[in-house]
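Encoded as C-alpha cells, the structure appears first; notes follow it.
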Amino acid sequence: MEMMIGMSQLADDYGLDVWIWYPSMDKDYSDPKTVEFALKEREEVFKKLPRIDAVFVPGVTLATFAPTFSWI
C-alpha cells in the first residue's frame, strides 16, 4: 500500500495521470458478505491514494468467475 500511495503522489507531483488495475480475486461474489467486503476494501484503498484518474476494470473468465458482481 505504501508503494501505491507513493507512486500516486509522485505521478500527481509531476502532473501525470494515475491509472490503476484492481483485480476481483475473492471466490464467491454471489455472497453478499463477499461483495460488502470487496467494496469496503476498494473504498479504503482508493481513499488512500492522492490521485486516481482511471481504474482498469478486470474482465472475467466465465469458466471460473460468473459476472454477477460489479463494483463500478
* To do: Look up atom CZ in Arg42 and atom CD1 in Ile20, then write down how far apart they are to the nearest 0.5 Å.
  => 10.0 Å

* **Donor-acceptor under 3.5 Å (Asp53 side chain, Trp19 main chain)** => no

* **Minimum-distance pair of heavy atoms, taken over all atoms of Tyr29 and Val35** => O-CG2, 3.2 Å

* **Pairwise side-chain contact, Met1 with Leu49, heavy-atom cut-off 4.5 Å (strictly under)** => yes

* Asked: For the hydrophobic clusters of this structure (ILVMFWY residues joined by side-chain heavy atoms under 4.5 Å, transitively), does one cluster hold both Met4 and Phe46?
  -> yes

Donor-acceptor pairs under 3.5 angstrom involving side-chain atoms of residues 5-15: please list them, not counting sequence neighbours.
{"unit_1": "Ser8", "atom_1": "OG", "unit_2": "Arg51", "atom_2": "N", "d": "2.9"}
{"unit_1": "Ser8", "atom_1": "OG", "unit_2": "Arg51", "atom_2": "O", "d": "2.8"}
{"unit_1": "Gln9", "atom_1": "NE2", "unit_2": "Asp13", "atom_2": "OD1", "d": "2.7"}
{"unit_1": "Asp12", "atom_1": "OD1", "unit_2": "Arg51", "atom_2": "NH1", "d": "3.0"}

* Asked: With sequence neighbours left out, what residues match Glu43 under salt bridge (Lys or Arg N to Asp or Glu O under 4.0 Å)?
  -> Lys47

